[in-house]
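Below: one structure, written as structure tokens.
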Amino acid sequence: MIAPVLVIEPMAARHIDVIRAIDARCYSSPWGVATWRTELAEKTRHHVVARRGDEILGHAGILVILDEVHVTTVAIHPDHQSGGLATQLVLHLLDHARSIGGASATLEVRASARRTQRLYARFGFQPAGARKSYYSAPVDDAIVMWLHDLQTPGVGQRLDLIRHEIGATAERDLL
Ligand SMILES: CC(C)(COP(=O)(O)OP(=O)(O)OC[C@H]1O[C@@H](n2cnc3c(N)ncnc32)[C@H](O)[C@@H]1OP(=O)(O)O)[C@@H](O)C(=O)NCCC(=O)NCCS
């Protein structure tokens, strides 16, 4: 049987429970229902889910402050990690950030999460500083990463290269 195509689509209130179940497996301090409702209502946020058939596999989101795009969440269900899903979601977020005129993107990542840092480095994010003991349970520093010049051809070419490498198409983003 052919596996259902991966769909990246806007997160909606009906997704909150399943997203919270994924976050409970991925984060030590997952957002509660009230936070999610606020996030989904805010025009400055853009949250998407990765879905295959009826199954929600992960999610990712941004917060837009003027022309800065902050990647606030990227989480993939542990059963579906290492399959390129986070790469697809980050690609989607950066395409979206460019489409709304974003100039730069930033995020925080645990200092101990080297693999996650490599995921972002693939897109051109570079470490620009650290926030001491930013995370709890367990305590960890945050590495602050930035990707500047989002609107330049160089960033566009890098995204296209990753799109090509992972076989993603813009049509998969049904937005
Ligand atoms: C971090 C997380 C989102 C990654 O999700 P994922 O779907 O497993 O990630 P992907 O498979 O798309 O990508 C990660 C890979 O990109 C890799 N990568 C980097 N450059 C690459 C390249 N040029 N070519 C191929 N892969 C590359 C990474 O090293 C990693 O490879 P690995 O799977 O072989 O270790 C997931 O582990 C998770 O949900 N963790 C818990 C929540 C969390 O920490 N979120 C991040 C908050 S900052």
Side-chain angles (χ1 to χ4, degrees), residues 6-52 55-66 68-100 102 104-125 127-128 130-131 134-138 140-147 150 159 162 168 172-175:
L6 179 74
V7 175
I8 298 175
E9 61 187 7
M11 183 177 165
R14 69 178 182 282
H15 297 126
I16 290 176
D17 286 350
V18 68
I19 291 307
R20 291 189 67 232
I22 292 173
D23 284 357
R25 305 279 304 273
C26 291
Y27 292 124
S28 55
S29 306
W31 289 348
V33 174
T35 301
W36 271 118
R37 290 199 183 282
T38 304
E39 286 285 318
L40 295 179
E42 279 284 343
K43 286 198 174 2
T44 53
R45 271 64 159 183
H46 175 67
H47 289 281
V48 292
V49 297
R51 175 175 66 78
R52 210 174 258 132
E55 191 178 11
I56 302 295
L57 309 171
H59 69 101
I62 55 172
L63 155 65
V64 181
I65 303 173
L66 300 175
E68 282 181 14
V69 173
H70 294 242
V71 178
T72 51
T73 57
V74 182
I76 304 298
H77 189 288
D79 291 349
H80 299 284
Q81 291 179 3
S82 290
L85 288 174
T87 302
Q88 297 245 24
L89 286 174
V90 174
L91 183 59
H92 167 89
L93 292 180
L94 293 177
D95 282 342
H96 178 79
R98 282 163 52 84
S99 76
I100 61 171
S104 54
T106 185
L107 54 84
E108 281 111 15
V109 55
R110 280 183 179 269
S112 59
R114 306 310 283 266
R115 177 172 168 262
T116 311
Q117 291 166 38
R118 284 198 298 276
L119 161 71
Y120 297 128
R122 184 180 184 184
F123 287 89
F125 280 90
R131 299 191 207 284
Y134 181 83
Y135 294 105
S136 56
D140 201 353
D141 297 347
I143 304 297
V144 182
M145 301 183 82
W146 281 90
L147 172 58
L150 277 183
L159 298 187
I162 295 171
R172 285 190 188 174
D173 301 344
L174 303 177
L175 298 182

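Worth knowing before you read on, the calculation uses all heavy atoms, side chains too, and leaves out hydrogens, waters and symmetry mates. This is a predicted model, so every value here is computed, not measured.
- Ser28 places no side-chain N or O within donor-acceptor distance of the main-chain N or O of Pro138, the cut-off being under 3.5 Å.
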Begin from the C-alpha positions of Trp36 and His47 and carry the test ring pair (Phe, Tyr, Trp, His ring centres under 6.0 Å) through to its verdict. CA-CA 10 Å; Trp36 271 118; His47 289 281; 4.9 Å; yes
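- Side chains of Gln81 and Cys26 form a contact here, defined as non-hydrogen atoms less than 4.5 Å apart.
- The minimum heavy-atom distance between Ala86 and Val74, with the atom names listed, is CB-CG1, 3.9 Å.
- Counting heavy atoms from C-beta on, the side chains of Val48 and Met11 never come closer than 4.5 Å.
- Side-chain contact between Thr73 and Ile19: absent, with no pair of heavy atoms (C-beta onward) separated by less than 4.5 Å.
- Using a 4.5 Å cut-off on side-chain heavy atoms (C-beta onward), Asp95 and Leu159 make contact.
- At a cut-off of 3.5 Å, with distance as the only test, a side-chain donor of Ser82 or Arg115 sits close to an acceptor on the other residue.
- In this structure, the separation between CG on Leu85 and CZ on Arg52 is 5.5 Å, given to the nearest 0.5 Å.
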Phe123 and Val71: side chain to side chain contact (heavy atoms under 4.5 Å, CB included), yes or no, with the steps? CA-CA 13 Å; Phe123 287 89; Val71 178; over 6 Å; no
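- Glu42 CD to Thr38 OG1: the interatomic distance, rounded to the nearest 0.5 Å, is 7.5 Å.
- Annotation for Leu150 and Ala97: closest pair CD1-CB, 3.9 Å, computed over non-hydrogen atoms.
- The shortest side-chain heavy-atom distance between Thr116 and Arg110 does not fall under the 4.5 Å cut-off.
- Here the shortest heavy-atom pairing between Tyr134 and Glu108 reads OH-OE1, 3.1 Å.
- Using a 4.5 Å cut-off on side-chain heavy atoms (C-beta onward), Leu57 and His77 make no contact.
- Across all non-hydrogen atoms, the minimal contact from Leu40 to Ala13 is CD1-N, 3.7 Å.
- Put simply, OG1 on Thr106 and CG on Leu147 are 9.5 Å apart, with the number rounded to the nearest 0.5 Å.
- Nearest heavy atoms, Ala60 versus Leu89: CB-CB, 3.9 Å.
- Note: His92 and His46 have parallel aromatic rings, judged against thresholds of 30 and 60 degrees for the angle between ring planes.
- For the pair Arg51 (side chain) and Val7 (backbone), a donor-acceptor distance under 3.5 Å is absent.
- More than 12 heavy atoms of other residues, nucleotides or ligands lie within 6.0 Å of CD1 in Ile65, so this atom counts as buried by the packing criterion.
- When all heavy atoms of Met145 and Tyr120 are compared, the pair lying nearest together is SD-CB, 4.1 Å.
- Checking side-chain atoms of Gln117 against main-chain N and O of Ala111 turns up a donor-acceptor pair under 3.5 Å.
- Rounded to the nearest 0.5 angstrom, Arg122 CZ and Thr87 OG1 are separated by 5.0 Å.
- The shortest side-chain heavy-atom distance between Leu119 and Phe125 does not fall under the 4.5 Å cut-off.
- Looking only at atom types and distance, the side chain of His80 has a donor-acceptor partner in the side chain of Glu55 under 3.5 Å away.
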